[in-house]
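I have placed the structure first, in the form of structure tokens, so that the comments after it can refer back to it.
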Amino acid sequence: MALFRNENNPGPIIRLYAVTVRNTNRWQQIPQYGALMPYTKYGATKVFYFAKSGPFPTCLQLSQPHFSPALSR
């Protein structure tokens, strides 16, 4: 639902993803999905999961928290 990548930063590459999950009974597949996301040894990739039925961010930012704290549980 949202993606952030600091492309023009001379430091490490940081990728942030906000993903919605329709079927929350399948949480065992979450680590498999996260492992398939792009990454490099020169940065970090973070994936945040949200229930599709609930509120979720539509934009992410580099500074923490990466999305509105009201969306955290």
Side-chain angles (χ1 to χ4, degrees):
M1 299 312 300
L3 163 68
F4 175 86
R5 182 177 186 271
N6 64 334
E7 297 181 23
N8 297 323
N9 187 342
I13 296 171
I14 304 204
R15 293 179 186 90
L16 306 172
Y17 297 92
V19 178
T20 58
V21 178
R22 184 177 347 155
N23 185 349
T24 57
N25 294 326
R26 300 176 74 177
W27 285 112
Q28 70 275 9
Q29 293 178 344
I30 296 298
Q32 294 170 338
Y33 178 85
L36 294 174
M37 299 305 280
Y39 67 92
T40 66
K41 65 181 181 179
Y42 305 110
T45 299
K46 295 181 182 181
V47 183
F48 303 98
Y49 299 95
F50 299 87
K52 189 170 183 109
S53 61
F56 50 83
T58 55
C59 64
L60 298 168
Q61 59 191 17
L62 179 60
S63 60
Q64 292 186 5
H66 302 295
F67 51 87
S68 171
L71 299 174
S72 298
R73 289 190 200 193

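Nothing fancy with the numbering, it's 1 onward along the sequence. The figures that follow rest on heavy atoms only: side chains count, while hydrogens, waters and symmetry mates do not.
Between Leu60 atom CG and Ser68 atom OG the span is 11.5 Å, to the nearest 0.5 Å. The distance from the OG1 atom of Thr58 to the CG atom of Leu71 is 9.0 Å, given to the nearest 0.5 Å. The CD atom of Gln61 sits 9.5 Å away from atom CG of Leu16, with the distance rounded to the nearest 0.5 Å. A distance of 9.5 Å separates CZ of Arg15 from CE of Met37, quoted to the nearest 0.5 Å.
Minimum interatomic distance between Pro55 and Phe50 (heavy atoms only, all atoms of both residues): O-CD2, 4.0 Å. When every heavy atom of Pro12 is checked against every heavy atom of Gly43, the shortest pair comes out as CB-CA, 3.8 Å. For His66 against Lys46, the heavy-atom pair with the smallest separation is NE2-NZ, 3.7 Å.
Every side-chain contact (heavy atoms from CB on, under 4.5 Å) that Gln32 has, sequence neighbours left out, goes to Gln29. Scanning for ring-ring contact (aromatic ring centres under 6.0 Å, His included) contacts around Tyr17 gives an empty result, with sequence neighbours left out. Listed by chain and number, the residues in a side-chain hydrogen bond (donor to acceptor under 3.5 Å, both in side chains) with Gln64 amount to none (sequence neighbours excluded).
Relative ring orientation between Phe67 and Phe48 is described as perpendicular, the plane-to-plane angle rising above 60° on a 0-90° scale split at 30° and 60°.
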